[in-house]
Amino acid sequence: MPNLLILTEVQEAMRARYKQMLLERFPELSITVVGHHGDVDPYIADTDVLLCFSPPMADHVVRDAKKLKWIQALGTGVDNIVDLPSLGKDVVVTNIRGIHGAPMSEATLAYMLSLTRDMPRVVHAQDRSAWERWPAALLDGKTVGILGVGIIAEHLAPMCKAFNMTVVGISSAPRQIKGFDRMVDRGDLVKAVREFDYLVVLIPLSTATRNIIGPELLAAMKPSAFLINMARGGVVDEPALIHALESGQIAGAALDVYGQEPLPSDSPLWKTKNLQCVPHLGGYSEGYEERAMPTIEGNMRKYLAGDLKSMTNIVRKPASWT
(Lines give C-alpha, C1' and ligand atoms only; values in the text may rest on other atoms or scores of the structure.)
Protein backbone atom coordinates (compact mmCIF):
# COMPACT_ATOMS: atom_id res chain seq x y z
CA MET A 1 0.00 0.00 0.00
CA PRO A 2 1.73 3.22 -1.18
CA ASN A 3 1.89 6.01 1.38
CA LEU A 4 0.99 9.45 0.03
CA LEU A 5 1.60 12.65 2.00
CA ILE A 6 -0.20 15.84 0.99
CA LEU A 7 1.67 18.89 2.30
CA THR A 8 0.04 22.21 1.52
CA GLU A 9 -0.88 25.36 3.42
CA VAL A 10 -4.06 26.01 1.43
CA GLN A 11 -7.38 26.05 3.23
CA GLU A 12 -8.27 22.86 5.08
CA ALA A 13 -11.27 22.26 2.80
CA MET A 14 -9.01 22.27 -0.26
CA ARG A 15 -6.58 19.86 1.37
CA ALA A 16 -9.46 17.55 2.20
CA ARG A 17 -10.70 17.81 -1.38
CA TYR A 18 -7.38 16.54 -2.76
CA LYS A 19 -7.57 13.56 -0.42
CA GLN A 20 -11.19 12.81 -1.26
CA MET A 21 -10.64 12.96 -5.01
CA LEU A 22 -7.58 10.73 -4.85
CA LEU A 23 -9.24 8.13 -2.63
CA GLU A 24 -12.19 7.99 -5.03
CA ARG A 25 -9.78 7.12 -7.82
CA PHE A 26 -7.19 5.14 -5.84
CA PRO A 27 -8.77 3.50 -2.76
CA GLU A 28 -5.62 1.47 -2.25
CA LEU A 29 -3.64 4.56 -1.25
CA SER A 30 -2.86 5.45 2.35
CA ILE A 31 -3.17 9.25 2.42
CA THR A 32 -2.11 11.69 5.13
CA VAL A 33 -2.71 15.43 4.93
CA VAL A 34 -0.72 18.10 6.80
CA GLY A 35 -0.79 21.88 6.57
CA HIS A 36 2.80 22.76 7.49
CA HIS A 37 6.23 21.22 7.01
CA GLY A 38 6.66 21.20 10.77
CA ASP A 39 3.88 18.61 11.01
CA VAL A 40 5.41 15.93 8.78
CA ASP A 41 7.62 14.16 11.32
CA PRO A 42 5.23 11.32 12.29
CA TYR A 43 4.66 10.38 8.64
CA ILE A 44 7.60 11.37 6.47
CA ALA A 45 9.82 8.31 7.04
CA ASP A 46 7.19 6.05 5.43
CA THR A 47 6.20 8.43 2.62
CA ASP A 48 6.50 7.09 -0.92
CA VAL A 49 4.83 10.00 -2.75
CA LEU A 50 4.61 13.67 -1.81
CA LEU A 51 2.10 16.21 -3.17
CA CYS A 52 3.01 19.81 -2.35
CA PHE A 53 3.39 23.38 -3.52
CA SER A 54 6.98 24.59 -3.55
CA PRO A 55 6.89 27.67 -1.25
CA PRO A 56 5.95 25.74 1.95
CA MET A 57 8.64 23.09 1.45
CA ALA A 58 11.70 22.70 3.67
CA ASP A 59 14.85 20.64 3.34
CA HIS A 60 14.14 18.45 6.39
CA VAL A 61 11.06 17.08 4.59
CA VAL A 62 13.09 15.43 1.83
CA ARG A 63 16.03 14.71 4.14
CA ASP A 64 13.88 12.49 6.34
CA ALA A 65 11.87 10.93 3.49
CA LYS A 66 14.11 7.91 2.97
CA LYS A 67 11.49 5.99 0.96
CA LEU A 68 10.44 8.92 -1.23
CA LYS A 69 10.23 8.08 -4.93
CA TRP A 70 8.11 10.83 -6.48
CA ILE A 71 7.13 14.45 -5.76
CA GLN A 72 4.13 15.87 -7.58
CA ALA A 73 4.35 19.66 -7.34
CA LEU A 74 0.86 21.16 -7.24
CA GLY A 75 1.98 24.29 -9.07
CA THR A 76 4.25 25.09 -11.99
CA GLY A 77 7.20 26.40 -9.96
CA VAL A 78 9.56 23.78 -8.56
CA ASP A 79 12.16 26.07 -6.99
CA ASN A 80 12.44 25.13 -3.31
CA ILE A 81 11.89 21.51 -4.36
CA VAL A 82 14.44 20.53 -7.00
CA ASP A 83 17.11 22.73 -5.39
CA LEU A 84 16.71 21.37 -1.85
CA PRO A 85 20.15 20.09 -0.78
CA SER A 86 18.85 16.81 0.67
CA LEU A 87 16.57 15.81 -2.21
CA GLY A 88 17.39 12.20 -3.04
CA LYS A 89 19.11 11.66 -6.38
CA ASP A 90 16.56 9.05 -7.45
CA VAL A 91 13.41 11.07 -6.72
CA VAL A 92 11.40 12.06 -9.79
CA VAL A 93 9.66 15.45 -9.70
CA THR A 94 6.66 16.45 -11.83
CA ASN A 95 4.64 19.65 -11.90
CA ILE A 96 1.29 21.09 -13.03
CA ARG A 97 1.27 23.13 -16.22
CA GLY A 98 -1.32 24.63 -18.51
CA ILE A 99 -4.05 25.45 -15.96
CA HIS A 100 -2.84 28.83 -14.70
CA GLY A 101 -3.52 31.02 -17.73
CA ALA A 102 -6.95 32.32 -16.73
CA PRO A 103 -6.48 32.82 -12.97
CA MET A 104 -3.03 34.35 -13.28
CA SER A 105 -4.06 36.65 -16.12
CA GLU A 106 -7.19 37.82 -14.33
CA ALA A 107 -5.21 38.48 -11.16
CA THR A 108 -2.56 40.40 -13.09
CA LEU A 109 -5.16 42.65 -14.68
CA ALA A 110 -6.84 43.15 -11.30
CA TYR A 111 -3.54 44.32 -9.82
CA MET A 112 -2.85 46.58 -12.81
CA LEU A 113 -6.27 48.19 -12.48
CA SER A 114 -5.91 48.49 -8.72
CA LEU A 115 -2.60 50.30 -9.12
CA THR A 116 -3.86 52.51 -11.93
CA ARG A 117 -7.03 53.57 -10.10
CA ASP A 118 -5.45 53.58 -6.62
CA MET A 119 -8.06 51.24 -5.17
CA PRO A 120 -6.40 51.10 -1.71
CA ARG A 121 -7.13 54.83 -1.46
CA VAL A 122 -10.81 54.04 -2.08
CA VAL A 123 -10.83 51.48 0.75
CA HIS A 124 -9.04 53.83 3.15
CA ALA A 125 -11.49 56.62 2.32
CA GLN A 126 -14.43 54.30 2.98
CA ASP A 127 -12.91 53.33 6.34
CA ARG A 128 -12.99 57.04 7.23
CA SER A 129 -16.46 57.58 5.69
CA ALA A 130 -14.73 60.18 3.50
CA TRP A 131 -16.03 61.23 0.07
CA GLU A 132 -12.89 61.70 -2.05
CA ARG A 133 -12.60 61.87 -5.82
CA TRP A 134 -9.62 61.95 -8.16
CA PRO A 135 -9.05 61.39 -11.88
CA ALA A 136 -8.14 57.81 -12.72
CA ALA A 137 -5.33 56.85 -15.04
CA LEU A 138 -6.16 54.38 -17.83
CA LEU A 139 -4.74 51.17 -19.22
CA ASP A 140 -5.99 52.28 -22.63
CA GLY A 141 -3.12 53.33 -24.87
CA LYS A 142 -0.41 52.27 -22.42
CA THR A 143 2.50 49.86 -22.99
CA VAL A 144 2.95 46.71 -20.96
CA GLY A 145 6.09 44.61 -20.96
CA ILE A 146 5.71 40.94 -20.03
CA LEU A 147 8.94 39.39 -18.79
CA GLY A 148 8.75 35.63 -19.35
CA VAL A 149 6.77 34.43 -22.35
CA GLY A 150 5.14 31.10 -21.57
CA ILE A 151 1.62 29.73 -21.34
CA ILE A 152 0.44 32.39 -18.87
CA ALA A 153 1.88 35.25 -20.92
CA GLU A 154 0.22 33.87 -24.05
CA HIS A 155 -3.11 34.01 -22.19
CA LEU A 156 -2.48 37.46 -20.71
CA ALA A 157 -1.30 39.24 -23.87
CA PRO A 158 -4.66 39.17 -25.76
CA MET A 159 -6.45 40.31 -22.60
CA CYS A 160 -4.14 43.33 -22.45
CA LYS A 161 -4.83 43.98 -26.14
CA ALA A 162 -8.54 44.09 -25.26
CA PHE A 163 -7.68 47.16 -23.16
CA ASN A 164 -6.03 48.69 -26.25
CA MET A 165 -2.55 48.28 -24.78
CA THR A 166 0.70 47.81 -26.66
CA VAL A 167 2.11 44.45 -25.55
CA VAL A 168 5.83 43.72 -25.60
CA GLY A 169 7.22 40.29 -24.70
CA ILE A 170 10.68 39.88 -23.17
CA SER A 171 12.20 36.44 -23.61
CA SER A 172 15.53 34.67 -23.88
CA ALA A 173 14.09 33.11 -27.06
CA PRO A 174 12.07 35.84 -28.85
CA ARG A 175 9.53 34.54 -31.38
CA GLN A 176 6.27 35.68 -32.91
CA ILE A 177 3.25 34.96 -30.69
CA LYS A 178 -0.35 36.04 -31.14
CA GLY A 179 -1.30 38.95 -28.91
CA PHE A 180 2.18 40.48 -28.76
CA ASP A 181 3.03 43.57 -30.77
CA ARG A 182 6.72 42.72 -30.67
CA MET A 183 9.37 40.76 -28.81
CA VAL A 184 12.57 41.88 -27.10
CA ASP A 185 15.57 39.76 -26.15
CA ARG A 186 16.04 39.44 -22.40
CA GLY A 187 19.54 40.80 -22.75
CA ASP A 188 18.03 44.15 -23.74
CA LEU A 189 15.65 44.29 -20.76
CA VAL A 190 17.12 47.38 -19.07
CA LYS A 191 16.92 49.34 -22.31
CA ALA A 192 13.40 48.09 -23.08
CA VAL A 193 11.83 49.01 -19.73
CA ARG A 194 12.34 52.71 -20.42
CA GLU A 195 9.21 52.69 -22.59
CA PHE A 196 6.98 50.51 -20.39
CA ASP A 197 4.10 51.84 -18.33
CA TYR A 198 3.73 48.41 -16.71
CA LEU A 199 6.23 45.62 -16.25
CA VAL A 200 4.63 42.24 -15.50
CA VAL A 201 7.06 39.59 -14.25
CA LEU A 202 6.23 35.96 -15.08
CA ILE A 203 9.74 34.56 -15.48
CA PRO A 204 10.69 31.38 -13.55
CA LEU A 205 13.23 31.67 -10.75
CA SER A 206 16.67 30.36 -11.61
CA THR A 207 20.28 31.28 -10.99
CA ALA A 208 20.13 33.51 -14.07
CA THR A 209 16.92 35.30 -13.05
CA ARG A 210 17.44 35.77 -9.31
CA ASN A 211 17.22 39.52 -8.53
CA ILE A 212 16.81 40.30 -12.23
CA ILE A 213 14.56 43.15 -11.10
CA GLY A 214 17.30 45.07 -9.35
CA PRO A 215 18.60 48.63 -8.86
CA GLU A 216 19.73 49.19 -12.44
CA LEU A 217 16.47 48.07 -13.97
CA LEU A 218 14.29 49.93 -11.47
CA ALA A 219 16.27 53.11 -12.09
CA ALA A 220 15.66 52.73 -15.83
CA MET A 221 11.87 52.53 -15.47
CA LYS A 222 9.62 55.56 -15.93
CA PRO A 223 8.73 57.45 -12.72
CA SER A 224 5.10 56.82 -13.73
CA ALA A 225 5.57 53.08 -14.28
CA PHE A 226 4.21 50.17 -12.26
CA LEU A 227 5.77 46.77 -11.48
CA ILE A 228 3.68 43.62 -11.00
CA ASN A 229 5.49 40.46 -9.85
CA MET A 230 3.51 37.25 -10.44
CA ALA A 231 6.53 34.95 -10.73
CA ARG A 232 8.65 34.15 -7.67
CA GLY A 233 9.83 36.46 -4.94
CA GLY A 234 13.47 35.76 -5.68
CA VAL A 235 13.37 37.46 -9.08
CA VAL A 236 12.91 40.84 -7.38
CA ASP A 237 15.59 42.48 -5.24
CA GLU A 238 13.18 43.47 -2.46
CA PRO A 239 15.43 46.07 -0.74
CA ALA A 240 16.02 47.70 -4.14
CA LEU A 241 12.27 47.77 -4.78
CA ILE A 242 11.60 49.36 -1.38
CA HIS A 243 14.16 52.07 -2.20
CA ALA A 244 12.64 52.64 -5.66
CA LEU A 245 9.16 53.06 -4.21
CA GLU A 246 10.11 55.19 -1.24
CA SER A 247 12.24 57.48 -3.40
CA GLY A 248 9.67 57.79 -6.18
CA GLN A 249 11.77 56.08 -8.85
CA ILE A 250 8.60 54.22 -9.91
CA ALA A 251 4.94 55.00 -9.22
CA GLY A 252 3.93 51.75 -7.56
CA ALA A 253 4.10 47.98 -7.45
CA ALA A 254 2.02 44.92 -6.68
CA LEU A 255 3.66 41.78 -5.32
CA ASP A 256 1.89 38.44 -5.35
CA VAL A 257 5.04 36.54 -4.31
CA TYR A 258 7.93 37.10 -1.90
CA GLY A 259 11.40 35.91 -1.04
CA GLN A 260 9.99 34.49 2.19
CA GLU A 261 6.47 33.11 2.41
CA PRO A 262 4.36 33.66 4.38
CA LEU A 263 5.62 37.24 4.45
CA PRO A 264 6.71 37.96 8.05
CA SER A 265 4.58 40.47 9.92
CA ASP A 266 7.66 42.62 10.56
CA SER A 267 8.68 42.78 6.89
CA PRO A 268 9.20 46.37 5.73
CA LEU A 269 7.30 45.49 2.55
CA TRP A 270 3.98 45.71 4.41
CA LYS A 271 4.48 49.43 5.06
CA THR A 272 6.30 50.41 1.88
CA LYS A 273 4.89 53.43 0.07
CA ASN A 274 2.72 52.68 -2.99
CA LEU A 275 3.14 48.91 -2.64
CA GLN A 276 0.21 46.51 -2.74
CA CYS A 277 1.07 43.23 -0.96
CA VAL A 278 -1.05 40.26 -2.02
CA PRO A 279 -0.63 36.90 -0.21
CA HIS A 280 0.22 34.72 -3.23
CA LEU A 281 -3.33 34.63 -4.60
CA GLY A 282 -2.51 34.74 -8.33
CA GLY A 283 -3.20 31.13 -9.26
CA TYR A 284 -5.16 30.27 -6.11
CA SER A 285 -8.71 30.02 -7.40
CA GLU A 286 -11.92 28.05 -7.07
CA GLY A 287 -11.81 24.67 -8.76
CA TYR A 288 -8.01 24.48 -8.77
CA GLU A 289 -8.05 20.89 -7.49
CA GLU A 290 -10.34 19.80 -10.33
CA ARG A 291 -8.12 21.46 -12.94
CA ALA A 292 -4.97 19.90 -11.47
CA MET A 293 -6.43 16.42 -10.97
CA PRO A 294 -6.08 15.09 -14.56
CA THR A 295 -2.29 15.49 -14.33
CA ILE A 296 -2.14 14.09 -10.80
CA GLU A 297 -4.38 11.15 -11.65
CA GLY A 298 -2.53 10.31 -14.84
CA ASN A 299 0.83 10.39 -13.12
CA MET A 300 -0.45 8.35 -10.18
CA ARG A 301 -1.67 5.62 -12.53
CA LYS A 302 1.75 5.51 -14.16
CA TYR A 303 3.46 5.46 -10.76
CA LEU A 304 1.33 2.54 -9.56
CA ALA A 305 2.07 0.71 -12.81
CA GLY A 306 5.80 1.27 -12.34
CA ASP A 307 5.95 3.39 -15.50
CA LEU A 308 7.49 6.56 -14.05
CA LYS A 309 9.32 7.42 -17.28
CA SER A 310 5.97 8.05 -18.99
CA MET A 311 4.76 10.56 -16.41
CA THR A 312 3.53 13.96 -17.59
CA ASN A 313 5.51 17.15 -16.90
CA ILE A 314 8.71 15.59 -15.58
CA VAL A 315 10.96 18.44 -14.44
CA ARG A 316 13.58 16.41 -12.58
CA LYS A 317 14.69 12.95 -13.60
CA PRO A 318 16.26 10.42 -11.23
CA ALA A 319 20.01 10.06 -11.61
CA SER A 320 19.55 6.35 -12.36
CA TRP A 321 17.70 7.16 -15.60
CA THR A 322 20.89 8.46 -17.16
Side-chain angles (χ1 to χ4, degrees), residues 8-11 14 53-56 73-77 79 95-123 136-140 142-163 165 167-170 179-180 196-205 209 213 225-236 238 241 245 250-259 261-263 269-270 272 274-292:
T8 173
E9 294 180 343
V10 298
Q11 294 176 327
M14 291 186 71
F53 287 99
S54 64
L74 294 172
T76 300
D79 54 283
N95 71 352
I96 302 291
R97 289 203 296 271
I99 69 170
H100 301 91
M104 289 285 283
S105 296
E106 290 184 20
T108 300
L109 283 166
Y111 303 160
M112 291 169 67
L113 287 165
S114 180
L115 288 164
T116 299
R117 291 185 169 263
D118 200 359
M119 295 309 294
R121 183 176 174 183
V122 175
V123 175
L138 301 177
L139 299 185
D140 184 83
K142 300 294 175 52
T143 298
V144 57
I146 303 177
L147 173 58
V149 182
I151 294 172
I152 297 170
E154 291 179 20
H155 196 104
L156 174 61
M159 296 174 73
C160 292
K161 293 298 295 179
F163 282 87
M165 302 187 80
V167 184
V168 181
I170 306 101
F180 288 87
F196 298 160
D197 300 293
Y198 301 85
L199 176 60
V200 175
V201 184
L202 294 172
I203 197 166
L205 178 62
T209 63
I213 310 299
F226 297 102
L227 171 73
I228 301 95
N229 184 18
M230 307 295 293
R232 281 291 188 262
V235 303
V236 173
E238 291 176 350
L241 176 61
L245 290 167
I250 63 174
L255 300 181
D256 191 73
V257 289
Y258 308 88
E261 295 186 15
L263 187 64
L269 289 169
W270 289 113
T272 297
N274 296 327
L275 175 60
Q276 298 183 24
C277 293
V278 185
H280 205 149
L281 296 178
Y284 187 31
S285 54
E286 292 180 354
Y288 188 92
E289 316 93 274
E290 284 78 9
R291 294 192 294 274

For Arg121, all residues meeting side-chain contact (heavy atoms from CB on, under 4.5 Å), sequence neighbours excluded: Asp118, Glu132, Trp134
Test side-chain contact (heavy atoms from CB on, under 4.5 Å) applied to Pro55 - qualifying residues, sequence neighbours left out: Phe53, Arg232, Glu261, His280
Leu202 side, atom CG; His100 side, atom NE2 - distance, nearest 0.5 Å: 12.0 Å
Phe163 CZ to Thr116 OG1 distance, which is reported to the nearest 0.5 Å: 9.5 Å
Below 3.5 Å, can you tabulate the donor-acceptor pairs from side chains in residues 107-115 to any protein atom, sequence neighbours excluded?
| unit_1 | atom_1 | unit_2 | atom_2 | d |
| --- | --- | --- | --- | --- |
| Thr108 | OG1 | Met104 | O | 2.7 |
| Tyr111 | OH | Asp256 | OD1 | 2.8 |
| Ser114 | OG | Gln276 | OE1 | 2.8 |
| Ser114 | OG | Gln276 | NE2 | 3.3 |

With sequence neighbours excluded, residues passing ring-ring contact (aromatic ring centres under 6.0 Å, His included) with Phe180: none
Distance in Å, Leu269 CG paired with Leu241 CG, rounded so as to fall on 0.5 Å steps: 7.0 Å
Contacts of Ala225 that satisfy side-chain contact (heavy atoms from CB on, under 4.5 Å) - sequence neighbours left out: Met221, Lys222
Ile151 CD1 to Ser105 OG distance, which is reported to the nearest 0.5 Å: 11.0 Å
Aromatic ring pairing Tyr198/Phe226, orientation class (parallel under 30°, perpendicular over 60°, tilted between): parallel
Inter-residue atom distance Asn229.CG - Tyr258.OH, 0.5 Å rounding: 9.0 Å
Point-to-point distance, once rounded to the nearest 0.5 Å, from CG of Leu275 to CG of Leu227: 9.0 Å
Smallest separation among heavy atoms of Cys160 and Val167, with atom names: CB-CG2, 3.7 Å
Gln11 atom CD, over 12 foreign heavy atoms within 6.0 Å: no
Student check: side-chain heavy atoms of Leu147 and Leu199 closer than 4.5 Å: yes
Donor-acceptor under 3.5 Å (Glu9 side chain, Pro56 main chain): no
Check: Pro279 main-chain N/O paired with Tyr284 side-chain donor or acceptor under 3.5 Å: no
Evaluation steps, side-chain contact (heavy atoms from CB on, under 4.5 Å), between Ser285 and Arg291: CA-CA 10 Å; Ser285 54; Arg291 294 192 294 274; 2.5 Å; yes
Gly282 to Met230 - nearest heavy-atom pair and separation: CA-CE, 4.0 Å
Partners meeting salt bridge (charged side-chain N to carboxylate O under 4.0 Å, His left out) with Arg117 (sequence neighbours left out): none
Residues Thr76, Ile152; criterion side-chain contact (heavy atoms from CB on, under 4.5 Å); working and verdict: CA-CA 11 Å; Thr76 300; Ile152 297 170; 5.8 Å; no
Thr209 side chain vs Val235 backbone, donor-acceptor pair below 3.5 Å: no
